[in-house]
Amino acid sequence: AEGYDFRAIQDRWLPVWEQLEPFAAGRSDDGRPKKYVLDMFPYPSGDLHMGHAEAFCFGDVLARYWRGRGYDVLHPIGWDSFGLPAENAAIKRGVDPREWTYANIAQQKASFRLYAPSFDWSRVLHTSDPEYYKWNQWLFLKMYEKGLAYRKASWVNWDPVDQTVLANEQVLADGTSERSGAVVVKKKLTQWYFRITDYADRLLDDLDQLEGKWPTKVLNMQRNWIGRSVGAEVEFEIEGRAEKVPVFTTRPDTLHGATFMVVAPDSDLAAELAASASAEVRTQFQAYLEEAQKQSEIDRQNADREKTGVFLDHFAINPVNGERIPVWAADYVLADYGHGAIMAVPAHDQRDLDFARKFDLPVRVVLEVRDAEGEIVADPAESGVAASGDGILINSGELDGLGKTDAIAKAIEVLEARGTGRGAKTYRLRDWLISRQRYWGTPIPILHGADGSMRPVEQSALPVELPASEGLDLKPKGASPLGAATEWATVVDTETGETLTRDPDTMDTFVDSSWYYFRFLSANDDTQAFDPAEAKKWAPVDQYVGGVEHAILHLLYSRFITKVLHDLGYIDFEEPFLDMLNQGMVLLDGAKMSKSKGNLVEFASELRDHGADALRVTLAFAGPPEDDIDWADVSVQGSAKFLARAWRIADDVQKSGSPAGASFDSGDAVLRRATHKLLADAPELLEAYKFNVVVARLMEQVNVTRKAIDAGAGAADPAVRESAEAIAMILSIFAPYAAEDMWAKLGHEPTVALAVWPQADPALLVEDEVTMVVQVDRKVRDRLTLSASVTEAEAEAAALASPAVQRAIGDREIVNTVVRVPKIVSIVTKP
Ligand code: ANZ
């Protein structure tokens, strides 16, 4: 057929590529540098959607770009295929979660096939394959050995709809579940944790290395999430209790102002103190605890909430002045932050002040704080406003006269000398709760003895495979459905004859995705999780592409596991993802697309109607990749027209009979300059993620090439072929099919994807020079050689700097200067 026909072109090249497998990484053993370019792997919850189309387009642009620069690129694909949606679909429709999952994967694979990201298909992984999750279990056991995986009973976030435990990270700011939307409540359960808090400092400090490479927003979200606070741990004696109680404070300088102590109602300490209180206090406390447990953590931290609490009938001793202070339980203190107990300093802390005023507790000022005018601020007890700023210590013994910072240091010194406290840090970060009471996940490889003992499953017995779902009730009940698979769950120790029970819980799927980028290096290796030699060659990931919704969870866990693998000696680096691009969202009419809103643009139908190339060019051209794309504002037809124009250039060159392989040192000079400018600029633009600018530059290049052909050079001009080849190579990162067809028309073998881009010729990048005439009082006094793109100011300055011009002006006054760049500067003087 005549003309550009995207369907014919797709049909022509897809089988050729599949035959060639040009994207298998590591095939060239010629010492070329490597790049590991990775898109966050998809969850198989249906077919691919426009969000996938966008993210995988951008990842592929970068992968293809680096190949064009001569790199050996690893660009793998896999599926994050365990998790709740499969299970929920199974419960709703009675299908097997396994069948549902793998059917969706097959559909997504088929869509990817036509969309044609340059994946290395020889390394495909699915986290729900035993070949994959075997290594989750291996990782778990390594961490168990190191004490990094442990079990404890604690208050956990409980999703009453999904009937499962949630990690802190899965509870949204409004206290609802990220998954079901239900209001999350607290429940005390024995669960498995990964000790990520051991790594808090490293996770925080190493973020500095990513500065300028990761989006600032993501770095800050991680910093806030880890939430390091620096201060002191102070030990308070409690009358009638043998052991002292530590509190965490950022303000040890205010110790002399501590007039009461507050413990979290849901802490063990509160329960213990209440137990030895009067019957009346016990009843009050019980009622208060029940009330507190209904509040979300967010509400409890809300400073504006009316303060509530119960006096626990106990007194603590302030270690710096021996003062006897009452101990209260109040829900504004959280059980799992710091030590779950605080020293309350109402004069200098607003929450404590609100509480003191409500319950009539003493307020003692220990810092003289001044306002902006230099006046001492009003007494907090009267004003109701805590004096939280810096000031001079008073009423504080040896701290008197010091400023806040010095007093903090001195207070820590004093505490340490007396053995009643020390400098300390605390973190907002909690240990990672990894057990789930659900079916569709990796079984935890632990066996429980009847006596409550635990033993790890032998490495040689891995994987512990999931039993079939048939016959199991998958409906969430708060206990894992695996417990009911009696045959599976019961193991008899062959040596001792002891009957053991398998741990029935499965792992959080964030465990699966915390190390999958290592598995791609050795996806088919059944002897190890990954080969350290392969990791040395390919890892870390040079370029990661994915949604900002993973800014905390997935990225923090991945960084943690990378550090663990480093400490275990498997790798020699500590950060998994060197550069990161967070793509925006694809919207429609300014709104997020969703099935329920009925405003879904279907990827499959866009792909069918417009083809992969037009879709990809549209996504890349829509704007900076970090910005949202409104599908109502883009023109896929416009992209298709551009592709047809580009393709026709190669078609014209082919028809002109100009030979491939001719040298490019002649031909239309203006066109050659444009081509080389494009070759020079594209890399820098692409590395700065300015994909849209590069598409615009390609459009321009197509236009100037067409102009050159029409203006007489004709399609046989070597400069036209040179331009067409450059267009094909650069266009191939956005529109691989059209570019491949162009490449063939230009007389080359497939595939353009492996053609290394030519270097721009520096001689052709030198800007044109022009001769500028300088007149003084209408007489030509000098001729200057200047850049054609000289500005008016530069031209005027150059003219005035000319000795010949200065001589001609002499000491007369200049009354007028007319500048016409780049031709003439005309100076008029006062006679
Ligand atoms: C005395 C004090 C005096 C405090 C003062 C502050 C100001 P960040 O910065 O968020 O780490 N605190 C400690 N543990 C707590 C818990 N489990 N629940 C609620 N509050 C807790 O906050 C640290 C401060 O928050 C600590 O320093 C403690 O109050 C309180 F003028 O101690 B401070």
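Both ligands and their constituent atoms are indexed starting at 1 by order of listing.
Residue Asp349 has no nitrogen or oxygen atom sitting less than 3.5 Å from a nitrogen or oxygen atom of ligand 1, judged on distance alone. Considering backbone and side-chain atoms together, Tyr337 places an N or O closer than 3.5 Å to an N or O of ligand 1.
Contacts between Arg428 and ligand 1, counted as non-hydrogen atom pairs separated by less than 4.0 Å, are absent for every part of the residue. Contacts between Thr250 and ligand 1 below 4.0 angstrom, taking non-hydrogen atoms only, involve backbone and side chain alike.
The closest non-hydrogen atom to atom 18 (N) of ligand 1, taken over Asp253, Val345, Leu334, comes from Leu334. With Thr249, Thr426, Val366, Ile342 as candidates, the residue nearest to atom 15 (C) of ligand 1 on a non-hydrogen basis is Ile342.
A salt bridge links Asp331 with Arg305: at least one charged nitrogen is closer than 4.0 Å to a carboxylate oxygen.
Tyr193 carries Lys152 over the face of its six-membered ring, with the cationic atom under 6.0 Å from the centre and within 45° of the normal.
Close approach of ligand 1 to Ser229 is summarised as follows: ligand atoms under 4.0 Å from at least one heavy atom of the residue are 8 (P), 9 (O), 11 (O). Here is the list of ligand 1 atoms found below 4.0 Å of a heavy atom in His348: 5 (C), 31 (F).
Listed by chain and residue number, Phe355 satisfy the ring pair (Phe, Tyr, Trp, His ring centres under 6.0 Å) test with Phe260 (two or more places apart in sequence, or in another chain).
A ring-ring contact (aromatic ring centres under 6.0 Å, His included) check over residues 299-326, counting only residues at least two apart or in different chains, returns the pairs Phe311-Phe315, Phe311-Trp328.
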